[in-house]
Amino acid sequence: MEDIASKMVPENILSNFMIKSMETYSDLWHIRKQFTLQMAAVSFMTFVLCIGHRYPQKMHIAMQSGNIWSSDMLPSLSSATFLITNTESIPFRLTPNIQHFITPIGLEGVFSGGLMAIARSLTEPEYELDDFLSIFIRDELITSQTASRKALMPDVQVRDLVYQNSDLIIKRAQALACKAEREKGAEAGQSCNQSILDLISHAGNPLKLAQMDPTFMASL
């Protein structure tokens, strides 16, 4: 990946494009901040729902506002167990070009703060997210089952799978809300958002990015 980045796809392509496209420094600051917050929202959805195949052509950036529209946001359901599972080596898309434009300060500040804020707003108070998830998960299960052309599962089994998937999603959301770190307190001797920082490090790890499919375009 380093050889490809140094010779063909440098890490500053997105940054240079944004700098040339903005008329003033204020516009650049605004679009970078909004882009970072939007990436936090997209990354939250990608991680919590195990949404894969986040290719560049599926991300559409509004140049006037910095908002991101991501297409094909579909959870990865296992055809064997019908559980939402991550089949990729990274939790969400955070390639070198995205990292360079957001900047290290943006990653540890606005990006991680945005992820934590979204997660806490959806998991506190508890049990409310579960009520909303059950509706959508049931539809996904029935759609996936129909597409696989398997015999329809009984209602009891569908209900159990809905509960299992809801529980998995809520646990991922609680991990992004850094619930464990807050329960341990300052005496634990680690950052209050250590779980998010670990995920950011994992998503940007060149060794993990190199394991992705070539169409993922890990350098872009």
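Bear in mind that the values here come from a model prediction, so they are computed numbers and not experimental data. We count residues from 1, following the sequence as given.
Listed here is the closest heavy atom pair of Gln99 and Leu94: NE2-O, 2.9 Å. Of all the heavy atoms in His202 and Ile90, the pair that sits closest is O-CG2, 4.1 Å. Nearest approach of Ser89 to Gln211, heavy atoms of both residues: CB-OE1, 3.5 Å. For Met63 against Ser21, the heavy-atom pair with the smallest separation is CE-CB, 3.7 Å. Considering every non-hydrogen atom in both Ala175 and Ser195, the closest pair reads O-CB, 3.5 Å. In terms of heavy-atom proximity, His60 sits nearest to Ser71 at NE2-OG, 3.9 Å.
Heavy-atom neighbours of Gln57 CD from other residues, nucleotides or ligands within 6.0 Å: above the threshold of 12. The environment of Met18 atom CE is dense: over 12 non-hydrogen atoms of other residues, nucleotides or ligands sit within 6.0 angstrom. Counting non-hydrogen atoms of neighbouring residues, nucleotides and ligands closer than 6.0 angstrom, the CD atom of Gln164 exceeds 12 such neighbours.
Both Ile102 and Leu28 belong to a single network of hydrophobic side chains, linked directly or stepwise wherever heavy atoms of I, L, V, M, F, W or Y lie under 4.5 Å apart. Using a 4.5 Å cut-off between side-chain heavy atoms of Ile, Leu, Val, Met, Phe, Trp and Tyr, with links allowed through other members, Ile31 and Ile68 fall into the same hydrophobic cluster. Cluster membership check: Leu122 shares its hydrophobic cluster with Ile84, using side-chain heavy-atom separations under 4.5 Å among Ile, Leu, Val, Met, Phe, Trp and Tyr. Residues Leu74 and Phe132 are members of separate hydrophobic clusters, defined by side-chain heavy-atom contacts under 4.5 angstrom among Ile, Leu, Val, Met, Phe, Trp and Tyr.
By the 4.5 Å heavy-atom criterion applied to side chains, Cys50 and Arg172 are counted as neighbours. Here the side chains of Leu209 and Pro96 are in contact, with some heavy-atom distance below 4.5 Å. For the pair Pro56 and Phe216, the minimum side-chain heavy-atom distance is 4.5 Å or more. Side-chain atoms of Ser43 and Arg93, non-hydrogen and from C-beta on, never get closer than 4.5 Å to each other. For the pair Phe92/Arg54, no side-chain contact is recorded, criterion being any heavy-atom separation below 4.5 Å from C-beta on. Contact check for Phe111 versus Leu115: side-chain heavy atoms found under the 4.5 Å cut-off. Looking only at side-chain heavy atoms (C-beta outward), Phe82 and Asn165 stay at 4.5 Å or farther from each other. Side-chain contact between Met39 and Met59: present, with at least one pair of heavy atoms (C-beta onward) separated by less than 4.5 Å.
Atoms CG and OG, from Asp139 and Ser144 in turn, are 12.5 Å apart once rounded to the nearest 0.5 Å. Thr103 contributes atom OG1, which lies 9.5 Å from atom CD of Glu108 (distance to the nearest 0.5 angstrom). The OG atom of Ser219 lies 9.0 Å from the CD1 atom of Ile13; values are rounded to the nearest 0.5 Å. A distance of 8.0 Å separates CG in Leu49 from CD1 in Ile137, rounded to the nearest 0.5 Å.
Among the candidates Leu83, Thr143, Leu141, the single residue satisfying the side chain to side chain contact (heavy atoms under 4.5 Å, CB included) test with Leu77 is Leu141. For the side chain to side chain contact (heavy atoms under 4.5 Å, CB included) test with Leu176, the passing option among Ile118, Asn193, Thr123, Val48 is Val48; the others fail.
Screening residues 44-53 for side chain to side chain donor-acceptor pair (under 3.5 Å) gives His53-Tyr55 as the qualifying pairs, with residues at least two apart or on separate chains.
Residues Asn97 and Thr95 have side chains that never bring a donor and an acceptor to within less than 3.5 angstrom of each other.
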* May I have the step-by-step check of salt bridge (charged side-chain N to carboxylate O under 4.0 Å, His left out) for Asp167 and Lys171, ending in yes or no? => CA-CA 6 Å; Asp167 189 52; Lys171 285 181 179 178; 3.3 Å; yes

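Considering only residues two or more places apart in sequence or on other chains, Lys58 meets the salt bridge (Lys or Arg N to Asp or Glu O under 4.0 Å) condition with Asp72.
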